[in-house]
Structures are given as structure tokens and as C-alpha cells.
Q: 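First, the structure itself, so that you have it in front of you.
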Amino acid sequence: MLRTLEFFGVFPSKAATSSTSHTTAVVAHPVVTDLTVCVFSPAVPPSTCELDPRIWHRVEKDLYLYTSQQSAWLYVALANEEELVAEDLLVMDIRVGEPPPNRGSDHSWESRPGGIWVLRSKFSGKIDQAVTEVDVLFGVDAVDPRPQWTLMRSSLQLNAQPKVPVARLSVLRGRAKPRPDARAALRVREDGKFKIVQISDTHMVTGVGVCKDAIDAHGNHLPESEADPLTVNFIGKILDVEKPDLVILTGDQLHHDISDSQSALFKVVAPIIERSVPFAAVFGNHDSEGIHALPRAAQMSILQNLPFSLCESGPEQIDGIGNFYLQVLAPAPSQLPLSTLYFLDSHGQIPSKIHNPDYDPIKQSQIDWFVNASQAQQSAREKDDNDHRFYLSLAFLHIPLPEFGDRHLSIRNGHRREPTESPSFNSHFYDALVKGGISALGCGHDHVNDFCALLPQQTQQDGDKIPQPGPWLCYGGGSGFGGYCSYGRKRFHRRTRVWELDTSTGSLKTWKRVEYAMDRVDELVLVEGGAVIDTPGEEDEGRRCVVS
């Protein structure tokens with residue numbers, strides 16, 4: 001049923017409804033000439049929000065976040081910079097809230113719905129100070145990490161329900177500087193080391209969210225609290241301590257069924273961008289779950305356009321979004337790769353009569369892509385690398401492979417505190433990782449599992465064992481206060497995993513950073529001299545067994 005419309009605004013021209021804004025014309029070099037808010041209501045007769053779709057463009061976010069029978073939308077009037085003439089009025093400033101003072105300018109502030117005030121002036125020949133884009137973000141904890149964008153402190157005045165995260169305008173003046181085509185290469189430090197912080201399962205939402213299972217340093221239960229500010233603070237502290245060369249987000253950056261994916265995504269990456277750390281990401285099962293969640297491709301587009309992002313969509317013909325690899329090079333000016341990091345989309349939950357929940361496995365097209373990429377790189381190394389340097393490769397995804405739950409798995413470090421949730425169908429990607437020489441596979445998903453483990457060496461058909469064990473199978477552990485961090489009645493601290501490659505000695509070690517812990521936790525050497533090593537640790541029957 002078509003909803004009708006109440007319009008508080010300006011310059012009527014052609015009827016606009018809640019469905020017509022999807023067909024507005026694309027403006028190549030936009031400049032904002034006005035903005036307004038339209039409210040659609042089923043209680044009002046068919047109406048006349050008369051906005052010319054060639055000029056007025058709707059920001060595709062319901063300002064009530066789909067919590068009301070009414071819906072409200074921000075409309076932005078755009079003109080093409082190349083078609084501007086001296087008499088055209090451009091928006092030079094935007095305020096929200098109390099009427100701003102008029103400072104003797106040629107044009108006074110004009111009132112718009114939602115408590116918006118706009119200051120417009122005639123086109124001067126330049127648009128450096130003019131508003132060129134307007135966006136909407138939600139929540140008192142919202143941030144905008146995009147360069148040159150300014151997020152308004154005051155929220156729009158919409159009379160929404162108190163629990164609805166507030167809507168806030170974010171404004172771009174002038175032209176955003178385009179991202180360089182060539183992104184800065186990842187390089188090991190002068191001492192040959194390269195450090196990665198793996199952050200998994202942040203479970204950000206629109207608004208501050210709620211944490212239901214936090215504990216203090218002594219394990220005492222804490223009352224419910226705002227979740228996302230705790231997560232942002234935790235991430236920031238880890239980054240300040242470790243000062244990594246790369247951050248890898250291993251999925252479920254977002255909680256399921258959230259109302260504005262962009263606002264939540266920005267909160268995840270803001271502390272990383274603020275510290276000028278490159279980052280890459282894979283998606284989890286919850287990231288695109290829900291009727292209002294952005295699809296993976298749209299989320300990847302947002303991530304790719306942010307500063308310090310090394311995220312890639314991956315080949316279109318490969319299943320999933322975000323199948324790609326990054327190479328870590330020797331110190332400048334060398335172009336010699338010393339390590340490869342692989343990233344794969346592990347998809348999401350599927351209906352199943354075998355397991356509940358059950359998940360899509362890694363697809364054959366992804367396995368073929370990985371095999372081809374790893375073989376090509378191995379061939380290139382054999383051709384060009386005459387000094388036999390050590391080469392370390394790691395892979396990252398969200399949902400663990402079935403091998404993480406194998407009853408023969410030997411846990412060398414950390415704990416299994418909940419059953420492994422993995423696909424019931426085994427597509428044998430693990431075998432491809434073995435053949436591809438992957439040293440370690442990092443995943444997320446099961447928040448309170450944080451172990452590193454090895455499977456027994458497989459025996460070839462000719463009776464010979466493969467040259468080395470591995471790869472290591474390591475959980476990252478849950479870092480988000482909006483996701484669960486308990487199993488049964490037992491609560492645990494949030495945590496992240498750190499990986500440190502030393503390409504001069506061919507070693508790889510890992511440890512965890514845990515809430516309240518001042519030192520590294522469960523430090524473990526995984527690789528020495530370029531080969532996976534198996535040093536039996538404190539393994540006990542409770543760690544080795546599969547929890548059921």
C-alpha cells in the first residue's frame with residue numbers, strides 16, 4: 001500500500017512519494033542547493049510532496065529507523081557544478097537546533113523541517129566552501145571517519161520514540177580528495193617483523209547497544225551497560241599497546257538485524273583510521289543479516305572508500321564478497337614479497353535438517369581461486385627468489401572450518417569453551433590450505449573459543465607423511481561487548497589475537513590481548529625457520545575434547 005505524505009518544505013514542482021526517489025537522476029559533480037525533510041504517514045490522505053526528482057535526491061535511510069508507522073526522509077536538492085550560474089543559490093552552511101545568529105551576511109539563515117537551518121549564498125565561481133554532500137548517521141555515539149566530512153553534534157528534531165537512535169547530519173564541503181589508485185604497500189619493518197591485530201565479532205549496532213554479560217577484573221558480574229562505546233575503547237587500547245602494521249577484521253563487525261549498517265561500520269573502523277593503521281576485513285554470518293542491513297557488496301564499497309582500507313571485493317565470478325589476498329613486501333624500495341595473507345568470505349547460515357544452526361561451506365570456486373593464486377605465487381617465488389628467503393602465508397575467514405571441531409584436534413594453547421559451529425558439509429578447503437603451504441588459519445564466530453590447535457599429520461597414499469604439520473587453526477576470540485561472551489552461566493573477558501611474523505628468521509608467533517590483563521596472554525610460537533612446529537603444551541583432556 002502506498003503511504004501518503006506530509007511535506008514541510010520548499011519549491012514545489014513535481015509530485016514525489018516514498019517510492020519515486022529511487023529514480024532520481026544521477027548528478028556527476030553535485031552541489032547542494034537546498035534540503036528538506038518529508039514525513040510519510042498512513043493516516044493522512046494521498047498527498048502532494050511535490051519535489052522534482054531531477055533535482056531532489058532522497059538519502060535512503062528512514063529517519064525513524066523503521067520503528068514507526070510514519071517514515072521520515074531527508075531530501076537533498078542537487079545541482080551540477082558545470083551548470084551553475086551566478087544567480088544560483090548554494091548551501092554554504094548547515095546547523096541543527098537553535099536558530100543561529102545572522103552575522104550581517106547578504107543572505108540570512110533559513111528554517112527547514114527537523115530543526116535544520118541552512119545558509120545559502122549565490123554561486124561565486126568556486127565551490128570550495130559550498131556543501132556538496134549531506135548524509136545521515138544515527139546514534140549519540142556516531143562517528144564519521146571519512147576525510148573532510150563533519151558530523152553535526154545536534155540531532156534532528158523528529159519527535160521519535162526515546163529508544164530510537166538519534167539522526168544526525170554529516171556534511172561534506174568542497175570536493176572530497178579522490179583516493180589514490182595505488183594504495184600504499186604493506187611492508188615489513190626494518191627488523192623484518194610484521195605485526196597483525198585480529199579483531200573479531202565486534203557486533204556493533206545502530207546506537208550504543210547493550211552489553212549483558214560483562215565482568216570486572218576479578219570475574220564479578222557487571223550490570224547491563226552500553227556496549228559499543230566499550231568496544232571502541234577496548235579496540236583503541238589494544239591498538240595503542242600493540243601498534244600493529246595491519247588490523248584484520250574477521251567478521252561479524254555488525255550485529256544482526258540492525259537498522260543502519262553504515263553508522264555501525266563507521267564505529268568499528270574509526271579507532272583504526274584515527275591511528276593511521278591499514279586494515280582489511282572479511283564478512284561474518286551476521287553482517288548482512290536482517291531486512292534493513294546493507295548487502296555485503298554495499299558494505300564492501302563503504303569499506304573500500306575509507307582511508308587506510310585494503311579491503312577488496314574480489315573476483316566477481318568467485319562465490320562471496322571479499323575473496324582476495326594481500327602481499328607483505330620487504331622494506332622499501334624492494335618489491336620482493338615476503339608473506340601472503342588470504343581473505344575469504346565464509347558466507348552465512350542456511351536452512352538445514354542436519355545441524356541447527358548450519359552454514360554454507362567454502363565453495364569450490366573459492367577453493368579453485370585459492371589454489372590458483374597460491375600456485376602462481378609459489379611459481380613466481382621459485383623463479384625470482386634465488387636467496388631462499390623464508391615465506392609465510394596466513395589465511396583468515398569468519399566461520400571456522402569443520403576441522404576446528406575435529407575430535408583428533410590437539411589444542412596447544414588457549415581453550416575450547418563452546419562447541420565449534422561450522423558447516424555440516426566439509427568442502428575440504430583445509431586440504432587446499434595444507435597443499436598451499438598456509439602456516440595458520442585465523443577465524444572468529446565462536447566468541448569464547450580462543451585456542452590454537454593442530455590436526456595430526458595426514459598420511460599420503462604412498463605411506464609418507466606430509467613434510468610438516470599444519471596449518472595452525474586459531475580462534476580470535478570475541479572482542480565486541482554487544483555480542484555474547486559467556487557460555488552456560490560462565491562469563492569471560494573480551495579479547496583479540498595478535499600475530500607477529502619475523503621474516504628474517506621465518507618465525508610466526510601469536511598471543512592474545514585480554515581485558516584487564518597487562519601482559520600478553522598465551523604467547524605461542526607457531527612457526528620456526530619457515531616450518532610449522534608442534535610443541536605440545538598444557539593440553540588436558542578438557543581442552544582436547546569436542547564440547548557437546
Side-chain angles (χ1 to χ4, degrees), residues 200 248 250-252 281-289 296-297 300 312-325 340-378 393-409 416 419-446 449 451-461 466 469-476 532 546 548:
S200 193
I248 296 177
T250 47
D252 280 2
V282 295
F283 292 121
N285 51 298
H286 288 312
D287 284 305
S288 54
E289 209 171 56
R296 278 161 145 74
M300 182 60 76
E312 297 180 21
S313 293
E316 291 186 3
Q317 69 274 21
I318 308 302
D319 287 287
I321 301 293
N323 302 295
F324 65 104
Y325 65 84
T340 301
L341 310 173
Y342 295 91
F343 305 86
L344 292 100
D345 186 352
S346 55
H347 314 295
Q349 190 170 339
I350 57 172
S352 173
K353 296 181 179 179
I354 302 173
H355 280 280
N356 185 26
D358 201 356
Y359 302 91
D360 247 347
I362 298 296
K363 304 292 187 179
Q364 190 61 46
S365 66
Q366 295 173 283
I367 298 174
D368 294 342
W369 165 80
F370 167 78
V371 169
N372 292 335
S374 59
Q375 288 179 348
Q377 290 178 61
Q378 185 174 354
S393 295
L394 288 77
F396 297 90
L397 42 65
H398 177 69
I399 298 174
L401 300 181
E403 284 76 8
F404 276 80
D406 193 294
R407 63 188 180 91
H408 300 295
L409 195 69
R416 181 195 296 283
T420 289
E421 282 192 359
S422 60
S424 61
F425 177 79
N426 193 336
S427 59
H428 300 290
F429 181 48
Y430 177 86
D431 298 339
L433 295 174
V434 173
K435 294 178 181 178
I438 297 298
S439 298
L441 172 65
C443 76
H445 190 59
D446 301 324
N449 287 341
F451 63 74
C452 279
L454 285 170
L455 277 175
Q457 297 182 40
Q458 299 177 7
T459 303
Q460 304 278 340
Q461 290 183 351
I466 56 177
W472 283 95
L473 303 178
C474 295
Y475 276 104
V532 169
V546 179
S548 59

Q: So, using side chain to side chain donor-acceptor pair (under 3.5 Å) as the criterion, who are the partners of S288 when residues are at least two apart?
A: R296
Q: Does N372 reach the main-chain N or O of W369 with its side chain, forming a donor-acceptor pair under 3.5 Å?
A: no
Q: Return the set of residues passing side chain to side chain donor-acceptor pair (under 3.5 Å) with D360 (not counting sequence neighbours), or none when no residue passes.
A: K363
Q: By ring-ring contact (aromatic ring centres under 6.0 Å, His included), which residues pair with F429, not counting sequence neighbours?
A: F370
Q: CD1 of I354 to CZ of F425: how many Å apart, nearest 0.5 Å?
A: 10.0 Å
Q: To the nearest 0.5 Å, what is the distance between CG (L397) and CD (Q366)?
A: 9.0 Å
Q: Show the numbers, then the answer: is there a side-chain contact (heavy atoms from CB on, under 4.5 Å) between D446 and T420?
A: CA-CA 7 Å; D446 301 324; T420 289; 4.0 Å; yes
Q: Test side-chain contact (heavy atoms from CB on, under 4.5 Å) on I399 and C443 and set out the steps.
A: CA-CA 6 Å; I399 298 174; C443 76; over 6 Å; no
Q: Looking only at the side chains, is there a donor atom on one of H445 and D252 sitting less than 3.5 Å from an acceptor on the other?
A: no
Q: Looking at every heavy atom in both I362 and I367, which two are closest together, and how far apart are they?
A: CG2-CG1, 3.9 Å
Q: Output yes when a side-chain donor or acceptor of D358 lies under 3.5 Å from a complementary backbone atom of I350, and no otherwise.
A: no
Q: Quick check: closest heavy atoms across E421 and P400, and the distance to 0.1 Å?
A: O-CG, 3.4 Å
Q: Check side chain to side chain donor-acceptor pair (under 3.5 Å) between E403 and all other residues, then give those that pass, not counting sequence neighbours.
A: N426
Q: Would you call the rings of F451 and F404 parallel, tilted or perpendicular if under 30° counts as parallel and over 60° as perpendicular?
A: tilted
Q: Test your reading of the model: is there a side-chain donor-acceptor pair from T250 to the backbone of G444, 3.5 Å cut-off?
A: no
Q: Can you tell me if Y325 and S393 form a side-chain donor-acceptor pair at under 3.5 Å?
A: no
Q: Report the residues that fulfil side chain to side chain donor-acceptor pair (under 3.5 Å) with Q375, sequence neighbours left out, ordered by chain and then residue number.
A: none
Q: Residues in ring-ring contact (aromatic ring centres under 6.0 Å, His included) with H347, at least two apart?
A: none
